[in-house]
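If you read the sequence from its start, that first residue is 1, and numbering goes on from there. It should be emphasised that the depicted structure is a prediction, and the values quoted were computed from it without experimental measurement.
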Amino acid sequence: MVRRTHRCGELREEHVGREVVLNGWVDVLRDQGRGLVFLDLRDRTGITQVVFESGIDGEAMTLARSLRREDVAAVRGVVRRRAGGANPRLATGSIEIEAREVEVLNRAEQPPILPDDAEAAKMDEEVRLRNRHIDLRRPRMQQILGLRSKVTRIAREYFHERGFLEVETPLLIRSTPEGARDFVVPSRLHPGEFYALPQSPQLFKQILMVAGCDRYLQICRCLRDEDPRADRQAEFSQIDLEMSFTDREEVIETMGGFARRLWKETLGVEVPEIPRMTWTEAMNRYGIDRPDVRFGLDLVDVSDLVRESPFAVFADAVRTLHRGRPGCVKAIRVPGGAAALSRKATDALGEMAKSFGLGGLPLAKVTAAGFETGVAKHLEGIAAPLRERLGLAAGDLVLFGVGRWEVVCKALAEIRLRLGRDLGLIDDSVWRFLWVVDFPMFEYDEEASRWVALHHPFTAPMPGQEPLLETDPGACLSAGYDLVLNGSEIAGGSIRIHRREIQEKVFSLIGLTAEEADAKFGFLLRALRHGAPPHGGIAFGLDRVVMHLAGTDNIRDVIAFPKTQSGADLLCDAPSAIDEAQLKELRLSVRADPTR
C-alpha cells in the first residue's frame, strides 16, 4: 500500500470521489454483520469513519473484522458522502471512506487504559502518567500539544520580527544561589566537583547583552529542586528574553504586545492595553503581589479608625511596631455575607486565618440598626466612619485581619480568594491582565539578620534611587515588573544592574563578602567591567501560559512528560539508583538513610 495521502482529520466534502490512503489507530470497530463493518480511524488531527461492505475483497473483510482497539492500520478507499446523514460531532462527519484495502501495520495488546477524554476524567492521574504513551493519544492532550507548539511558534515569529536572536545557553553550569536549591551533576573528569543544572539562564543572557547580541530569545528548560504543586514543576520551560539599551517602558510595551498577540492568535481574544498597579497598592488592596482583579472584596485598612478603640485586640495591634512598621487592622466587606455564609463557613475561615499566622478572624454582621454578633459591641464608637469607609449595607458581613502588616496581607489574600471561589464571584471566562511594578528592592530576613533580594540580586534600582542602597535599602524600589493574569504570575523580569559598583553593593547588602561574590559571580563581575550596556528582560512561564490558554488548572496537563507531586517520572521510573560501576567511575558512594 502506498504511504498515506491525507491525515484522519483532513477530509471534507470537496474530497468526495477521490481515492485516499489513511494511517492511524483503530478508535472504534463496529461489526454489523451481513457484510458490513464500520471502523473509526484516528490520528492527532481527528477521526474518519471507514466502511467495509460486502463487495470488498473477502480477505480484506476478514482482516478488518480482526482489528481491535489501538491496532495501527492503513486503509485505502474512496471518499463518499456519509450515508444516513452527517455526524455533527466530527469535523469529518459529512464524509466516510468506502474501503478497498486494509493493512495491519502493528497489532496492539489490550491497553491498560484507553485514550478517551471522558474516561481520563475519572481515572487516577498516576495511572495516566504511568501509561503516558497512551494518555497522550487522547484528543484533548493532542489539542494541548498542538496549542503549546503554536505558542512557541508565535513567540519565535513575534520576537524575530523585532530583531531578537535565538541563542542557546548551557545546561551544565556553576552552582549559584538564585533562591531555590540546585540540581547538581557530578563530573567524571573533575572528581569531587559538580555542575549545576540552570534554574534560569539569567547570568548568561546578561553576558549576551555585554557581548553585543542586543536582543536575545530562548525557549529554554529550567530546573529548580523545589516541591512541585499544581502550577509548578521542578523541570519547566520559559520563553526567556533580554534587550539592550532599553528601559522599563520599552520592555513592558514589547512584552505586553506579545501577550496581546498570543491571546488574539490562539483564542481570538482582543486584550486591551494592560493596566499597571504598584506593588504597594496590590499588597494593600489584595494582600498579594499577583492579585486576581476579576472580582472585588478588596482589603481596606481601618487601622486609624480603631487606634483609640477600647478593644485591646485592635488598638494594641496598630500601636505595636515590627522593625519600625506598625501593625494594622484590615477589613473585607462581604456583600450579603450575613446570610450567604453560615456559622460553619465563618468558623472555617477563622481556622484558615490561624493557619496563616493570625490569632483568628474577628467578624460582625451588618444590620439596619448597626452591627451584631462577633465583635459588634467593640465597633459601636466607630460605626458611622466604618460604614462609610467600607460602603456597608444591611446584610453585609465584615471580616477583620489583625496583626503584623505582612501576616495580615498574606492571610486575608488567601481568605479573599477562598470567598471569591465559594461565593461564585470569579468569572472564568474573563481575562484580566495586570502589570505589577515598583517592587521593593529588598526584604529583611529576620533569622539571617540581613537583606535579601525580593526578585534576584541582579535587579537594578529605579533610576535615581541608587543612593538609598547606602542610606535606606528598605525604601529602595526596584526596576522589576511582573505580568499577572487572573491571579497567576505568567511573566517576571526587571531592568538589570549594568554597573559593577552597584552590583558589588547589592552583593554586599545581601551578605556576600567580596571573596564570596567573586567566587560565585566572578564571571559576571568581570563582564560588567568591560562595557556592559543598560539592559533588561523578562521570562514568560511557558507551561503556565499554555495552562491558562488551555483552560486547565494543572500544569501537568500541558507538559508532555511531567513529574508527579513527589517529583517522580512514572513513565520511566525516575529517579532511580545507579549501579556500582557508575558510582565508582564518578568516585561517589551512597550512604544509607538513617531515618528509614
Classify the side-chain pair [X]/[Y] by whether it contains a donor and acceptor separated by less than 3.5 Å.
X	Y	answer
Asp43	Thr45	yes
Gln238	Ser200	no
Asn87	Gln49	no
Tyr286	Asp292	no

On a heavy-atom basis, which atom in [X] and which in [Y] lie closest, and how many Å separate them?
X	Y	value
Arg276	Ile252	NH2-CG2, 3.8 Å
Pro575	Ala568	CD-CA, 4.3 Å
Arg221	Leu171	O-CD2, 4.3 Å
Ala353	Ala411	O-CB, 4.5 Å

Okay, side chain of [X], backbone of [Y]: is any donor-acceptor separation there less than 3.5 Å?
X	Y	value
Thr92	Ile47	yes
Asn131	Val127	yes
Arg290	Gly487	yes
Asp543	Ser237	yes
Thr564	Ser566	yes
Ser149	Leu145	no
Ser494	Gly480	no
Gln218	Thr169	yes
Asp27	Asp40	no
Asn486	Val430	yes

Margin query: Applying salt bridge (charged side-chain N to carboxylate O under 4.0 Å, His left out) to Glu53 and Arg80, what does each step give before you reach the verdict?
Written below: CA-CA 13 Å; Glu53 296 177 315; Arg80 72 185 189 189; 3.2 Å; yes

Check: So with a 6.0 Å cut-off around CZ of Phe561, is the heavy-atom count from everything else above 12?
Finding: no

Check: So does Arg261 have more than 12 non-hydrogen atoms from other groups sitting under 6.0 Å from CZ?
Finding: yes

Check: Where does the angle between the aromatic ring planes of Trp263 and Trp431 fall among parallel (under 30°), tilted (30 to 60°) and perpendicular (over 60°)?
Finding: perpendicular

Next item on the list: Anything under 30° is parallel, anything over 60° is perpendicular, the rest tilted; go ahead and classify Phe258 against Phe540.
Entry: perpendicular

Margin query: Using a 6.0 Å distance limit plus a 45 degree cone around the ring axis, check whether Arg421 lies over the aromatic ring of Phe295.
Written below: no

Notebook entry, point to check: How far does CD of Glu414 sit from CE of Met352, to the nearest 0.5 angstrom?
Noted result: 5.5 Å

Next item on the list: Not counting sequence neighbours, which residues clear side-chain contact (heavy atoms from CB on, under 4.5 Å) with Ala340? List them please.
Entry: Leu423

Identify each donor-acceptor pair in which a side-chain atom of residues 108-117 lies under 3.5 Å from a protein atom, sequence neighbours left out, and give them as a table.
residue	atom	partner	partner atom	Å
Asp116	OD1	Ala118	N	2.9
Asp116	OD1	Glu119	N	2.9
Asp117	OD1	Arg138	NH1	2.9
Asp117	OD1	Arg140	N	3.4
Asp117	OD2	Arg140	N	3.2

Notebook entry, point to check: Should Asp135 and Arg130 be marked as a salt bridge (charged side-chain N to carboxylate O under 4.0 Å, His left out) after you check the CA-CA gap, both sets of side-chain angles, and the distance that decides it?
Noted result: CA-CA 9 Å; Asp135 187 52; Arg130 189 171 291 111; over 6 Å; no

Next item on the list: Measure the shortest side-chain to side-chain distance between Leu434 and Pro275 over non-hydrogen atoms and say whether it is less than 4.5 angstrom.
Entry: yes

Check: Are Glu226 and Arg181 within salt-bridge range, i.e. N to O under 4.0 Å?
Finding: no

Next item on the list: Could you list all the salt bridge (charged side-chain N to carboxylate O under 4.0 Å, His left out) pairs where at least one residue sits in residues 563-585, not counting sequence neighbours?
Entry: Glu235-Lys563

